[in-house]
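Notes follow the structure.
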Amino acid sequence: MQALDRKLLRDFKRLWVQALAIAMVLACGVSILLTAVGMYQALQGTQEAYYGRNRFADVFATARRAPVSLLPEIAAVEGVLALEARVSGFANLDMPGRAKGAVGRILSLPESGPPQLNLPVLRSGHWPQLPGEVAVNAPFALANGLVPGDRFLATLDGRQRQLTVTGTALSPEFIYTLGPGALMPDNLSFGVLWMLREEAEAAYDMAGAFNDLTLKTARGVQEEEVIARLDELLEPYGGQGAVGRAQHSSHAIVDAEISQMKGTAMVLPPIFFGISAFLVSMVMSRIVALERSEIGLLKAVGYSDAEVCLHYLMLAALVALAGIAIGWAAGTWLAQLLARQYAFYFDFPFLIYRVSPWAYALSALAALLTTTAGAARAALRAARLAPAVAMQPPAPPRFKHSAADRLMRRLRLSQPVIMILRSLLRWPLRSAMTGLGLALAVASVVASSFFADALDEIMDTAFYQSNRQDAVVMFTDDQPERVLEEIRALPGVLQAEGQQYAAAILRHGPRMKRVTIEARVPDPDLSRVVASDGSVANAGPGGILLSERLAEQLGAVPGTLVEVQFTSGRRETRQLPVTGTVKQYFGLGAYMDHASLNALFRQAPQYSAASIAIDPSRQDALFTRLKALPAVAGVPVMTDMRRSFREVIAQQVIVMNMVYITIAVLITIGVAYNGARIQLSERARELASLRILGFSRREVSFILAGEMMLLAVLAQPPGWLIGAAIARLAVENFSSDVYTIPLVLEPAAFAGASLIVLAAALCSVLIVRRRLDRMDLVAVMKTRE
Amino acid sequence: MADPVFTMKGVTKVYDTGGAKVHALAGVDLELPGGELAVLLGPSGSGKSTLLNILGGLDHVTDGRVWFRDLELTAMRDRELTRYRRDHVGFIFQFYNLVPSLTARENVQLVTDVARDPMPAAEALELVGLGHRMDHFPAEMSGGEQQRVAIARAIAKRPGVLLCDEPTGALDSKTGIQVLEALHQINRDFGTATVVITHNADIQKIAHRVIYFQDGRISRIQENIERLAPADISW
Ligand SMILES: Nc1ncnc2c1ncn2[C@@H]1O[C@H](COP(=O)(O)OP(=O)(O)O)[C@@H](O)[C@H]1O
Ligand SMILES: [Mg+2]
C-alpha cells in the first residue's frame, strides 16, 4: 500500500465519528433512493409484465343487461382490439364455520377456451368445468382455508346454492382487492368467484346477454373517444358509463403506489444528499486548512496537483463508501419491509420484489457524486495551493468592525455572548446552512407526526361521527320501505336505517364526475354526514349535498345548479341545486333527501341498503340469519373494518414516525456534531487561551455549545414552517378520490419535533464538549497553525 | 570547478501583496558547483527562502533564468516542475513537515512511492541513525529525530540536490549538530549537492562555500579552505 493511501486510511480512522455522522445522513439518502427506485422498478416491472402476459384490459364498462348481439358492433369501434363480455354479480356467501357472511364477486368464464382479456392465473386445482363449480381468488381461499374440493353456500340473486371450489386463481383485475364499501382489502370477507358463463347467465337472468364488458384498445387511440362511443352503444341497455384504467380501483391504487415511489425517489434523497454535501464541504474545508503544510510538503516532494486533489476527494469518497454500505444495508432492509407490505396489500402471481443491481449502482453513484461535489471546493483549493505559499502559515483572518459589533457593544453583552454572535456572523453562509440542516430535521418530524394526528381526525370523523353503524346490509335490488321493519325484527338488531343508492353523472359547465348518490332520511343516527361543526348535515328536500372535494372538482358552491344524470333507476336528467358542502375523508360523497329522490323517480320509497346497530351478544345469530336471506347481497361489517383499518394504519404510522424521527436525529447529529467539532477545531486556541486566562470549563463550554444551540433554537421556526409546507404538499399528494387527508397541525406536534431536535443537538454538542474538557491546554497553545 | 548544479542569471522575485511591492530577490546571479555543501547566510527577510524555493521548483521567478544542470527551470510548466521536484530535489524544512498520521518509515515511503530510483525507506532511516525508530509516529519522537526523518525522506530518492531551509532552526544546539552531521555525511558519502539556509553564522564553518545574503542580493561569496566537522562547532 502506498504511504499516501495509508495516510488516507489513518485520517479516516481519526475522523471516524465525524465521518460516521455524515455517513448516516448520506445513508438516509442512499437507502431511500435504493428503496424507492428499487420498489418503483419492481412494482412497475411486475405490473407491466403481469398486465402484458395476462392481457389486462384498457376500458371497463358495466350495463344493466346488454344483448350479446351488440358485441360485433362494439368490436367494430375504431381502436378496439379485443373485448370480453362477461356476466358479473354479487353473491352473499356462507363460509363454513364462520358466523359472518362474506361477499363474493361472481365473474363468468367463457364456456370454451380462456378469456380474451384479464386472464386469471390458476394457482392450484383446475378451472370449473361443471355447473356448481367455481375458482376463487387465491387470497380469499387462503384467508378462509379453502382448498379445491371444499364447498360453501352462496346466494346468487336471491337463490341459494352450493358451490364447489375447483381451483384458486389470481387476476390482473384484482391486484388490490377491495370489497364493496371496504376501506382496505379484507380477504376473509370478500372474494372473487369465477364460474362458467352458462351458470352465471342462469343465476343472474343473463341468457344471451352481458352486464360487464372490458376492452383492449389499440396503442395511440384516444381512449375518451372509444369510451364515448361505447357509452353511446350501451346507453339503451343501462350502460353505467365506461372508464379507463385510471378509474379502475385496483389499477389506480397500484399506480398511485408506483408514482408515490417515483415521487419519493425524486424528492427525499436530494435533501439528504444536499445536507451531506454541505457537511462534507464543511469538514473537508477544515481539514484542508489544517493540513496546509502537509499539502505543501506533498507538492514539494513531487506529488502533482491532481494527486493532491484526488487524495482529498478520496477521503470524502471513504465517507461515501461508509454511507453506501450503511445505506445499502438499511435500504435492503427497508425494501424488504416494503415488499412485505406490498405482499400484504397486492396480489401478484409472481414477485419481482428484488431491488435491481442497477438501483444499487445508482444510489452508490449518487452518494459518490454527493461527497465529491461536497469535497470539490476544498480539494481544488488544496490542488491550487502554491507549494511555496502552503509552507507558510496562513494569513490570519481579517476581522472587520461591523455595525453588528457596535450594536453588541451598545447592548452590553457579555464577552462570551459577543464571541458566539461574532462567530455566527463571521461565517454567515455556514451558519445559514447549519441552521437550514437543523430546520430540515425539525421539518422531518413535523411532516411525519402530522400523519398520526390527521389519521386520528379521520378515524374520529369517519368512524365515530359519520359511520357509526356496526354493519351494512346490502340488498340485491332496491327493496320496498317495509324491508326495514323486517331487518329490525331480526335477532340482535338494535337499530336500522335505510339508504338508497343511485348511480349518476354530475355535470357543471364542462366538468363532470361519476358518483353514487346516497339518499338518506333526514337526521339519521347511524350513518350520518357530519359538518365541520359536528352537526348532522342534511341534503334538504330537492337539493344535493356534496363533499368538499367533489364540489371543488365540479366548481360548484352552495346554490350552484348541477346537472344530475341518473344512470340507474329511471335514467333521467335533472338540475338540482347544491344545498351545502361538507368535509369528508373517504370517497366523493353526494347526498340527497330520500323522499325527494323517490319523488323524483315517481316511485314508492325504496332502500338499497340498511345500516344497523347490533347487540354484540346476539351477533352470531344475526349473521347466521342474514346469510340465508335471499334479498341480502352482502353484509360488510364496519366494526371489523374499523378495527383492521386502525390496526394496520396505526402500525404504519408508528413505523413511519420512527423512520422520520430517526432521520431527524441523524440529520441533527450530522449537522450539530460536525459543526461543533469544527468550531472546536477552529477555536481551540481561543478557547484554551480563555481557560488559561481563568475562565471556567463551564464558561468556555458555554461559548462552544452556545453557538450551536443558538442556531438550533433559531432553526425551529423555519423548521416548523418547512414541516407544515411539506405536510401540506403530502396532503395534496396523498389525497385522491378514494381518500382525502386533512391537514391537522397540532401545537404538540411542533413542540415534539423541536424537543427531539434540540435534545439531539444538545447531546451532540455535549459529546464535543467532553473533548473540550479533556483538551490539553499547553499542547493546544504550542501547536502551530 | 565542477559543472554547476544550479545557475541563476538576473533572477528577481517581486511579491505584490496589494499595497507595497516586496522585492524578495533583487537581481541574483549565482553558480553553485556540484558536490558542494553551500550555506546561505543572511538576516531574516533577506530572501533566502525565496531563493531556495525557486531552486527547488516550488516557486516562480518574476524575471531572470534558472538552470538545474542543463534543465532550464524557468522554462518549465508546473507539471514539469512537479516532475523535477519528484526526480531531483530533496527538501528539508525548519518545521520538519512530517505527516503526523504516518510513521517514520511511512513518511519516507511517501517519497519513495513516487521517486524514480529510490533506496528502501529502511535504508534511508539507517543512514540517519534511526533504524530503531522506524515504526514510531512523529508525535513519539524528539524534534531532532523528526528532522532526521525529514532528512531520510529527502535523501531516500537519491536526489541531485538537497535543499534545507533552516534545518536546525527549531532545534537546540546538540540536536542541531546531529542533524548537521547527517547532512554532512550525506554530502560527503554521496556527493549530493546541498544548500543549507541558516541565519546562524556558526554553521557556515562546515560549508565548502558560504553565500551571504542581504536585501534580496548576494552580498558576498566565501569559499572555506578549511572546513570544520559539525561536531566541532557549537552555538
Ligand atoms: N508569499 C509571499 N507574499 C508576500 N511576501 C512574501 C511572500 N513570501 C516572502 N515574502 C517576503 O519576501 C521577503 C523575503 O522573504 P524570505 O525569502 O522568506 O526571507 P528569509 O527566508 O530570508 O527570511 C520578505 O520580506 C517576505 O516578507
Ligand atoms: Mg526563510
Side-chain angles (χ1 to χ4, degrees), chain A residues 1-16 19 287-288 290-312 314-315 318 382-396 398 681 776 778-780 782-785, chain B residues 13 15 17-18 24 49-60 78-116 118 121 137-139 150 153-154 156-157 159 163 165 170:
Chain A
M1 193 196 277
Q2 301 260 296
L4 195 59
D5 300 330
R6 210 162 272 149
K7 167 179 182 308
L8 192 68
L9 292 183
R10 297 230 174 96
D11 287 347
F12 184 69
K13 219 169 108 191
R14 184 167 47 86
L15 291 167
W16 76 271
I287 289 174
V288 166
L290 282 177
E291 296 194 350
R292 196 182 155 89
S293 69
E294 277 156 271
I295 293 166
L297 171 87
L298 288 175
K299 293 190 173 186
V301 302
Y303 284 87
S304 68
D305 293 354
E307 284 166 319
V308 170
C309 182
L310 194 67
H311 174 68
Y312 289 100
M314 297 236 297
L315 185 56
L318 286 179
R384 283 204 213 101
L385 201 57
V389 176
M391 306 304 288
Q392 299 167 342
R398 259 177 242 172
S681 156
D776 178 348
V778 181
V780 170
K782 264 194 197 157
T783 52
R784 87 197 172 97
E785 276 230 346
Chain B
K13 175 74 184 178
Y15 288 110
T17 49
S49 293
T50 305
L51 180 89
L52 201 76
N53 286 345
I54 287 172
L55 291 180
L58 284 179
D59 210 347
H60 298 274
D78 277 347
R79 182 192 299 251
E80 295 162 305
L81 283 176
T82 300
R83 194 67 271 148
Y84 159 68
R85 293 198 298 268
R86 186 183 285 211
D87 293 341
H88 301 293
V89 188
F91 277 108
I92 293 155
F93 303 99
Q94 179 180 359
F95 293 106
Y96 338 129
N97 282 31
L98 298 184
V99 175
S101 57
L102 296 179
T103 61
R105 186 208 305 265
E106 290 158 353
N107 262 289
V108 178
Q109 278 168 353
L110 208 51
V111 170
T112 58
D113 281 344
V114 293
R116 223 168 21 183
F137 283 96
R153 184 175 64 192
K157 68 164 74 157
L163 303 178
D165 194 343

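Numbers restart at 1 for each chain; the letters A, B, ... are given by sequence-line order, proteins then strands.
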Tell me, for [X] versus chain B, whether the close heavy atoms (under 4.5 Å) come from the side chain, the backbone, both or neither.
X	result
A:A300	both
A:E307	side chain
A:E294	side chain

Value rounded to 0.5 Å, distance of [atom1] in [X] from [atom2] in [Y]:
X	Y	atom1	atom2	answer
A:S304	B:L81	OG	CG	12.5 Å
A:L4	B:L102	CG	CG	8.0 Å
B:R85	A:L298	CZ	CG	10.5 Å
B:Q109	A:R6	CD	CZ	5.5 Å
A:K299	B:D78	NZ	CG	8.5 Å
B:N97	A:I295	CG	CD1	11.5 Å

Winner by heavy-atom pair count (cut-off under 4.5 Å) against chain A, out of B:L98, B:V99, B:V111: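 Ranked by heavy-atom pairs under 4.5 Å with chain A, first place is B:V99.
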At a heavy-atom distance under 4.5 Å, which candidate from B:K157, B:R86, B:R83 has the highest pair count against chain A?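 The candidate making the most pairs under 4.5 Å is B:R86.
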Is it the side chain or the backbone of [X] that comes within 4.5 Å of chain A heavy atoms, both, or neither?
X	result
B:Y15	neither
B:P159	neither
B:R153	side chain

Give the minimum heavy-atom separation between A:R10 and B:S101, together with the two atoms involved.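 Heavy atoms of A:R10 and B:S101 come nearest at NH1-O, 2.8 Å.
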Provide the closest heavy-atom pair for A:P387 versus B:L58 in the form atom of the first, atom of the second, distance.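 That closest heavy-atom pairing would be CB-CD2, 3.2 Å.
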Distance-only, no hydrogens or angles: does the B:D113 side chain make a donor-acceptor pair with backbone N or O of A:Q2 under 3.5 Å?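 Answer holds: no.
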Do A:Y303 side-chain atoms and B:V114 backbone N/O form a donor-acceptor pair below 3.5 Å?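 Looks like no, no N/O pair under 3.5 Å.
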Hey, is CZ on A:R14 packed in by over 12 heavy atoms from elsewhere, all under 6.0 Å?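 Atom CZ in A:R14 is crowded, with more than 12 foreign heavy atoms closer than 6.0 Å.
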